[in-house]
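Note that the structure is a prediction, hence the values are computed from the model and not measured. Just the heavy atoms: all of them, side chains too, but no hydrogens, waters or symmetry mates, feed the values below. Proteins get letters first, then strands, A, B, ... in listed order; numbering begins at 1 in each.
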Amino acid sequence: EAQVTQNPRYLITVTGKKLTVTCSQNMNHEYMSWYRQDPGLGLRQIYYSMNVEVTDKGDVPEGYKVSRKEKRNFPLILESPSPNQTSLYFCASNRRENTEAFFGQGTRLTVV
Amino acid sequence: AQSVTQLDSHVSVSEGTPVLLRCNYSSSYSPSLFWYVQHPNKGLQLLLKYTSAATLVKGINGFEAEFKKSETSFHLTKPSAHMSDAAEYFCVLSGGSYIPTFGRGTSLIVHP
């Protein structure tokens, strides 16, 4: 089954404690991206990757890091989380940019 | 810069009546436009897409949308609402950038 898998689904952490949210896709897609969803703001892109070792900032990259060492994986790293990063996060993959996006189930992060 | 405006943050209909969710866009490039649906505690799922082929696009679950270049609109419609249609709907614009632009979402409420 074609899918994008994120882990964990729920995470509560404390300010400043580094965390990683994993994302994996099994469709051999070139384009992957991370979004955060906040009430009334829709989805905003954090980072995207055009292919292995090629990443770039989206609209709201501050406080986040990503890496793309393998085509299927695109982890999101919060080196020093802060409460304003409390949000619902989605990973997505596309065959290439500007095509249909396949979304993961989401990760609800709470930073206290 | 490109933009997407979903004209209603909430739409309320009765089961069996038509649904209209409105989306206007602005883009300097030939746009690709998408509608996604998000059910509670779920990821986003593609309903339909326009990519410069037929202007009337049919999607899943009886939804369709018409691309009107002169009006820069891509409204989503369904002839008869079902209780299971209650969800959040997002209009998304791609093209001219590696970063898609999301509307802020329209919450569809369906009354019995």
* Pick one of side chain, backbone, both or neither for A/Tyr31, based on which atoms fall under 4.5 Å of a heavy atom in chain B. => side chain
* Asked: Do other residues, nucleotides or ligands put more than 12 heavy atoms under 6.0 Å from the CG atom of B/Asn41?
  -> no
* Residues from residues 70-83 of chain B approaching chain A under 4.5 Å (heavy atoms) -> none
* Asked: If you count heavy-atom pairs under 4.5 Å between each of B/Glu88, B/Gln38, B/Gln6 and chain A, which one has the most?
  -> B/Gln38
* Asked: Where on A/Gln6 is there a heavy atom nearer than 4.5 Å to chain B: the side chain, the backbone, both, or neither?
  -> neither
* Structure fact -> Of the listed A/Glu100, A/Arg108, A/Met50, the one with the largest count of heavy-atom pairs under 4.5 Å with chain B is A/Glu100
* Is it the backbone or the side chain of A/Gln45 that comes under 4.5 Å from a heavy atom of chain B, or both, or neither? -> side chain
* Asked: A/Thr99 versus chain B, heavy atoms under 4.5 Å apart: side chain, backbone, both or neither?
  -> backbone
* Do you reckon A/Tyr64 sits in the same ILVMFWY cluster as A/Leu19, going by side-chain contacts under 4.5 Å, direct or chained? -> yes
* Given a strict heavy-atom distance threshold of 4.5 Å, which part of A/Arg44 is in contact with chain B: side chain, backbone, both, or neither? -> neither
* To do: Establish whether A/Tyr89 and A/Val66 are linked, either directly or via other cluster members, by ILVMFWY side-chain heavy-atom contacts under 4.5 Å.
  => yes
* **same_hphob_cluster(B/Val4, B/Val57) at 4.5 Å side-chain heavy-atom cutoff** => yes
* To do: Report whether A/Phe102 and A/Phe90 are members of the same hydrophobic cluster (ILVMFWY, side-chain heavy atoms less than 4.5 Å apart, transitive linking).
  => no
* Closest contact, heavy atoms only, B/Phe102 versus A/Leu43 -> CB-O, 3.6 Å
* Structure fact -> In short, A/Gly42 meets B/Phe90 closest at the heavy-atom pair CA-CE2, 3.9 Å
* Any chain of hydrophobic side-chain contacts (each under 4.5 Å) joining A/Phe103 to A/Phe74? -> no
* **B/Ser9 versus chain A, the contacting section by heavy-atom distance below 4.5 Å** => neither
* Structure fact -> Taking every heavy atom of B/Pro100 against every heavy atom of A/Tyr35, the minimum-distance pair comes out as CG-OH, 3.1 Å
* Part of A/Ala92 within contact of chain B (heavy atom distance under 4.5 Å) -> neither
* For atom NZ of A/Lys65, decide whether the heavy atoms of other residues, nucleotides or ligands shown that lie under 6.0 angstrom number more than 12. => no
* Could you name the residues of residues 42-50 of chain B that have a heavy atom within less than 4.5 Å of a heavy atom in chain A? -> B/Lys42, B/Gly43, B/Leu44, B/Leu46, B/Lys49
* **Closest-packed option against chain B by number of heavy-atom pairs under 4.5 Å, given A/Ser33, A/Ala101, A/Gly58** => A/Ala101
* Are more than 12 heavy atoms from other residues, nucleotides or ligands located less than 6.0 Å from atom CD1 of A/Ile12? -> no
